[in-house]
Amino acid sequence: MEQADTEQALSFEAAMEKLEAIVSRLESGDVPLETAIELFQEGMKLSQLCGSKLEQVERKIEMLIETEQGLQRKPFTPGQED
């Protein structure tokens with residue numbers, strides 16, 4: 001299995017945990033420059049993966065609103081309350 005396949009198979013939560021671990025290592029400052037660059041690159045990939053997964057979920061979320069004509073599908077917008 002290639003690394004890209006492995007990253008796509010990660011859940012959002014697992015990707016976030018890996019990203020948080022990378023950030024902690026980088027913030028510690030005790031990482032050699034080459035390792036820091038590799039960690040940064042991996043962190044950017046994980047960040048993009050998380051962003052992509054969030055976009056997929058946002059597209060799937062819909063609210064059903066009861067109207068006079070029946071149920072109407074409406075895209076979910078955060079912070080909207082009825």
Side-chain angles (χ1 to χ4, degrees):
M1 187 181 279
E2 293 181 15
Q3 185 176 358
D5 292 337
T6 304
E7 287 178 358
Q8 287 298 324
L10 282 177
S11 69
F12 175 81
E13 292 80 5
M16 281 299 296
E17 284 180 23
K18 286 183 78 170
L19 186 55
E20 288 172 2
I22 288 171
V23 169
S24 292
R25 282 190 67 192
L26 290 173
E27 286 180 340
S28 75
D30 294 333
V31 181
L33 181 59
E34 293 219 6
T35 304
I37 291 170
E38 291 171 7
L39 287 170
F40 180 78
Q41 289 174 331
E42 183 181 354
M44 290 303 294
K45 288 178 187 175
L46 288 167
S47 176
Q48 290 171 349
L49 175 67
C50 289
S52 173
K53 287 186 180 283
L54 284 175
E55 287 175 13
Q56 290 172 7
V57 170
E58 286 175 359
R59 285 193 293 267
K60 290 179 182 177
I61 296 175
E62 293 181 283
M63 289 183 359
L64 292 174
I65 298 176
E66 197 167 13
T67 65
E68 292 174 356
Q69 295 83 23
L71 294 177
Q72 175 183 351
R73 290 177 180 241
K74 182 177 177 184
F76 174 77
T77 51
Q80 182 181 23
E81 295 181 25
D82 288 340

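Throughout, numbering of the chain's residues begins at 1 and tracks the sequence. Every heavy atom of this structure was used, including side-chain atoms; hydrogens, water molecules and symmetry mates were not.
Closest approach of L54 and F12 over heavy atoms only: CG-CE1, 3.7 Å.
Remark: L39 CG to L46 CG distance equals 10.5 Å, nearest 0.5 Å. The distance from the NZ atom of K45 to the SG atom of C50 is 14.5 Å, given to the nearest 0.5 Å. In this structure, CD on Q41 lies 11.0 Å from CD1 on I22, to the nearest 0.5 angstrom. Atom-to-atom distance recorded for E20:CD and E17:CD is 7.0 Å, nearest 0.5 angstrom.
Side chain of S52 to backbone of Q48: no donor-acceptor contact under 3.5 angstrom is found. A donor-acceptor pair is defined here as one N or O able to donate and one able to accept, closer than 3.5 Å; no such pair exists between the side chain of K18 and the backbone of E42.
V23 and M44 fall into different hydrophobic clusters, where Ile, Leu, Val, Met, Phe, Trp and Tyr residues are linked whenever their side-chain heavy atoms come under 4.5 Å apart, directly or through other members. In this structure, L10 is a member of the same hydrophobic cluster as L19, with clusters built from ILVMFWY side-chain heavy atoms closer than 4.5 Å.
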